[in-house]
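Let me begin by presenting the structure, written as structure tokens, before commenting on it.
Counting starts at 1 for both ligands and their atoms, in listed order. Positions are given from 1, in the same order as the sequence printed here. None of the values given here were measured: they were computed from a predicted structure.
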Amino acid sequence: MELRYKSTRGGQSDVSASQAILQGLALDGGLFVPERIPTLDVSLGELSAMSYQEIAYEVMKLFLTDFTAEELRHCIACAYDDKFDTEVIAPLVKAKGAYYLELFHGATIAFKDMALSILPHLMTTAAKKNGVKNEIVILTATSGDTGKAAMAGFADVPGTRIVVFYPKDGVSPIQEKQMVTQKGDNTLVVGIHGNFDDAQSGVKAIFGDAKLHETLSKAGFQFSSANSINIGRLVPQIVYYVYAYVKLLENGELSEGEKIHVVVPTGNFGNILAAYYAKQMGVPVEKLICASNENKVLYDFFRTGQYDRNRPFILTSSPSMDILISSNLERLLYLIAEGDAGKDAELMQALSSEGKYEITEEMKEKLSDFRGYYATEEETARTIDQVYRDTGYVMDTHTAVAACAYTKYKEETKDGTKTVIASTASPYKFTRSVMEAIDGEQYGSLGDFELIDELSKISGTKVPNAIEEIRTAPVRHRTVCKKEDMKAVVLGFLGVE
Ligand SMILES: *Cc1c(COP(=O)(O)O)cnc(C)c1O
């Protein structure tokens, strides 16, 4: 049976999966959601014997119902290949009483690779299926990791161009170097004077500009998105939660039907939403622990039911989570409002005009699967240091926020349920913060690449290719603009007046 998609705000419905992926954002500014969340049609026991790629097929076929089996298998095979430095794609590492699900073994060493390795293939397949003749222009706002991962996927893909906007002073040195050295004639990287929310709002405004769409269409272009507002990002992210559960089952770490908790370091709410979808599909997940850094809007939201972005934007050592407007929360609101698109539209209107909203009591009750915790900068650093000293395992700053949240949860509840922590980036991507957490005084004076070699020494791990590549790579992108000028920069790149 075909699964159709509709907008969370009610303005668009009966859309196929491939159209939803092509379009990115719905015409009314809402996010595409499936009419229902499908349940797994293969048992967890059967799935446990499968490879990552086979599990990806079993999950994604249920959502992307207008892709043929052959198309989908082809996309999966092209995505999850030797771009990943391990055959298992997403290894589970046991450390200090939790299972770290390492989602950073792809081309750009952050979890964004899990979905962005496949999105370009889904997108070009969708374009073919829908007879699209226009060139597709991917517009992306990034808090540091999405941009590079999206460009790694879309660079030199025929029929596409990609523009990435990042906060000029809001990403790690390695993240910035990864982006500005990006190759590919169809790529453009732009630093903006502003934060991630500015970049994301700017991109959403360009998407919402109907007149611009018309102008571009005449010039042979159409926009789409590589941000997690695209349903083509969310669906591939469900896969690794299914995978993690069935592999723990296969290894005898879990018994049949045993529930787990999942802890996710959260920014735009895409990754944790994928875990929630996995739960709805039938994976025995009990609690979803949403971990925030000092930009703790989500922590406050889960405690009070009020979402309030009116607060200072804090630059932290986990920049990919420096976000005050978590776009994917809209998909959760839609679910807990039981598909009431009017309610969703009303809350989003309040968010845009007043910067805040409050959900109803009935909606609050439906959030009982979630728990919010946050970690301060100091707690994050201490977590990295402690886990390293106790186990030798070195984690990145984002993962440390999650590990700290989990410690707080356990202290508060004494709950010993087995727990998977989403490990979202390689420590090599945030080397300075990681090394300073381990020994600030000794490492403070070293350069970025010297620190990388030190990290390799103390962790006994090999420097990833993604880092070796940028050691000597020339800078190719120097554009910096004001947030008001984002549209002009895009038009300039496309050569459209
Ligand atoms: C993007 C990102 C996050 C946040 O994920 P969301 O899906 O936006 O909540 C966390 N950690 C890292 C390393 C990331 O790149």
Side-chain angles (χ1 to χ4, degrees), residues 31 100-116 119 140-150 152 164 166-167 170-172 174-176 178-179 196-197 199-200 225-238 240-241 262-278 288-293 295-299 301-302 316-332 370 372 374-375 380 384 395-405 421-431 433-434 466:
L31 274 56
Y100 288 85
L101 176 63
E102 293 188 348
L103 303 172
F104 56 77
H105 289 272
T108 74
I109 59 176
F111 97 93
K112 304 298 195 289
D113 289 325
M114 302 305 294
L116 285 165
L119 185 68
T140 302
T142 183
S143 56
D145 290 330
T146 293
K148 180 65 188 183
V164 167
Y166 74 96
V171 300
S172 85
I174 301 291
Q175 286 179 311
E176 182 167 40
Q178 277 189 305
M179 286 190 279
F196 172 74
D197 289 333
Q200 179 159 257
S225 167
N227 280 105
S228 54
I229 52 176
N230 194 317
I231 193 76
R233 276 271 307 267
L234 190 65
V235 171
Q237 290 179 183
I238 302 168
Y240 47 77
Y241 290 107
V262 173
V263 190
V264 187
T266 297
N268 226 353
F269 209 75
N271 200 2
I272 193 166
L273 185 72
Y276 188 61
Y277 271 49
L288 297 116
I289 298 173
C290 174
S292 301
N293 65 23
N295 293 292
K296 59 183 187 60
V297 244
L298 289 166
Y299 165 84
F301 173 72
F302 284 117
T316 73
S317 59
S318 46
S320 304
M321 294 156 66
D322 289 347
I323 293 176
L324 294 177
I325 308 173
S326 296
S327 289
N328 273 289
L329 191 63
E330 184 170 347
R331 288 190 167 112
L332 180 66
F370 289 88
Y374 77 99
T380 304
I384 294 173
M395 64 177 74
D396 98 290
T397 44
H398 303 74
T399 308
V401 168
C404 178
I421 297 178
S423 177
T424 50
S426 158
Y428 286 95
K429 210 159 182 173
F430 302 94
T431 325
S433 303
V434 168

So OG1 of T424 and CG of D113: to nearest 0.5 Å the spacing works out to 11.5 Å

What's the shortest distance from [atom] to any protein heavy atom, and which residue and atom give it?
atom	answer
atom 5 (O) of ligand 1	F111 CE2, 3.5 Å
atom 6 (P) of ligand 1	N268 N, 3.5 Å
atom 9 (O) of ligand 1	G267 N, 2.8 Å
atom 7 (O) of ligand 1	N271 N, 2.9 Å
atom 12 (C) of ligand 1	T424 OG1, 3.4 Å

[Y] backbone acceptor or donor facing [X] side chain under 3.5 Å:
X	Y	result
S426	F104	no
R331	L273	no
N230	G232	yes

Geometry only, no angles: is [X] polar-contacting ligand 1 at N/O separations under 3.5 Å?
X	answer
T266	no
M321	no
G270	yes

Heavy atoms of A422 and L103 approach each other most closely as CB-CD1, 4.2 Å

For A425, the ligand 1 atoms with a heavy-atom partner under 4.0 Å come out as 13 (C)

Within 4.0 Å of some non-hydrogen atom of D145, the atoms of ligand 1 are 12 (C), 13 (C), 14 (C), 15 (O)

Heavy-atom proximity to atom 14 (C) of ligand 1, picking from K148, H398, K112, points to K112

| field | Test side chain to side chain donor-acceptor pair (under 3.5 Å) applied to Q200 and S327, step by step | value | CA-CA 9 Å; Q200 179 159 257; S327 289; 3.0 Å; yes

Handout entry: Non-hydrogen atom of P265 closer than 4.0 Å to ligand 1
Key = yes

Kindly assign one of parallel, tilted or perpendicular to the pair Y240 and F111, based on the angle between their ring planes and the thresholds 30° and 60°. perpendicular

N295 and D322: side chain to side chain donor-acceptor pair (under 3.5 Å), yes or no, with the steps?
CA-CA 6 Å; N295 293 292; D322 289 347; 3.0 Å; yes

